[in-house]
Amino acid sequence: MLSEKQLAVYGFKLTLSCVTRWGSHVNSIQSLLDTKQAMRSLVLESRPYLEEVTTSEKHPSQTTIAVMDAVEESALWRDLEAVRHHVKPFMIATRALESDAATLDLVFTMLGHLSKHCSEIKGDKVRAVLTASLEDRWQSYDQPLCLLAYTLNPARHTKHLSATCGFVSITNAACLLEELHEQLLGSQPSDLGDQFGGLRLRRLETFHSW
């Protein structure tokens with residue numbers, strides 16, 4: 001009945017979500033919001049019938065009654081809009097990182113945007129859960145590689161590099177290079193400062209390009 005009502009009013013049916021895909025959750029929530037009027041009309045027009053067909057031993061299904069009550073109330077739709085707001089940035093970040101044009105430095109950039117988004121969520125529980133999920137994901141990444149890619153991406157023309165700010169300093173970039181070298185090759189290069197760390201990074205400071 002709901003599918004028929006949705007098709008009659010909007011020309012499409014409810015989109016179901018896939019547990020592992022942010023985009024499908026956003027699309028599913030959006031389809032619920034888009035078919036809000038059809039769902040409310042169905043409950044208004046067919047409540048007695050829906051209660052009757054879900055009756056067991058002369059008692060309507062409590063689940064059916066609860067769902068119909070929720071559809072009629074405004075709180076459900078406000079909550080759905082809030083959930084959509086919470087998860088949509090995750091969909092955007094996922095699609096950006098899955099695109100053919102994605103670069104390694106984008107990992108840290110997207111996580112930074114998501115972290116800021118989570119910090120602005122008003123609900124303590126939701127904010128804590130999403131932030132913890134981000135932290136777990138960051139811990140699973142090759143952090144030195146992601147940070148180095150962000151720090152040395154030539155597309156930024158080194159405008160963000162600073163001699164005093166530890167995170168985006170030339171010194172920190174050299175340290176990340178040493179850590180990555182040890183991680184990949186099993187030892188720290190004694191001549192890194194003269195060969196790559198010094199030569200290339202001094203070139204960055206002087207010419208703002210590779």
>> I need the K88 NZ to N27 CG distance, nearest 0.5 Å.
In response: 9.5 Å
> Hey, what do you get for CG (L33) to CD (Q30), rounding to the nearest 0.5 Å?
Replying inline: 5.5 Å
> Side chains of F90 and L134: closer than 4.5 Å at any heavy-atom pair?
Replying inline: yes
>> In this structure, would V129 and V87 fall into the same cluster of hydrophobic residues linked by side-chain contacts under 4.5 Å?
In response: no
> CG/L130 to NZ/K125 distance, rounded to the nearest 0.5 angstrom?
Replying inline: 12.0 Å
>> Are R47 and D69 packed together at the side-chain level, in the sense that at least one heavy-atom pair is separated by less than 4.5 angstrom?
In response: yes
> Any side-chain heavy atom of R78 sitting closer than 4.5 Å to one from E73?
Replying inline: no
> How long is the span from the NZ atom in K36 to the OG atom in S74, to the nearest 0.5 Å?
Replying inline: 6.0 Å
> Are W77 and R40 side-chain neighbours, meaning at least one heavy-atom pair lies under 4.5 Å?
Replying inline: yes
> Taking all non-hydrogen atoms of both residues, which atom of A70 and which atom of L76 are closest, and how far apart?
Replying inline: O-CB, 3.4 Å
> What distance separates R137 CZ from L111 CG, expressed to the nearest 0.5 Å?
Replying inline: 8.5 Å
>> As an exercise, state the distance from SG of C146 to CG of L104, rounded to the nearest 0.5 Å.
In response: 5.0 Å
> Does a side-chain heavy-atom distance below 4.5 Å link T131 with S119?
Replying inline: no
> Are E120 and R127 close enough that some pair of their side-chain heavy atoms sits under 4.5 Å apart?
Replying inline: no
>> Hydrophobic clustering (ILVMFWY, side-chain heavy atoms < 4.5 Å, transitive) - are L44 and M39 grouped together?
In response: no
>> What I'd like to find out is whether the side chain of W138 reaches to under 4.5 Å of the side chain of F108, using heavy atoms alone.
In response: yes
> Between H117 and H86, is there a donor-acceptor pair closer than 3.5 Å when you use the side chain of the first and the backbone of the second?
Replying inline: yes
> Do H25 and V83 touch side chain to side chain, with heavy atoms closer than 4.5 Å?
Replying inline: no
> Which heavy-atom pair separates L106 from A96 by the least distance, and what is that distance?
Replying inline: CD2-O, 3.8 Å
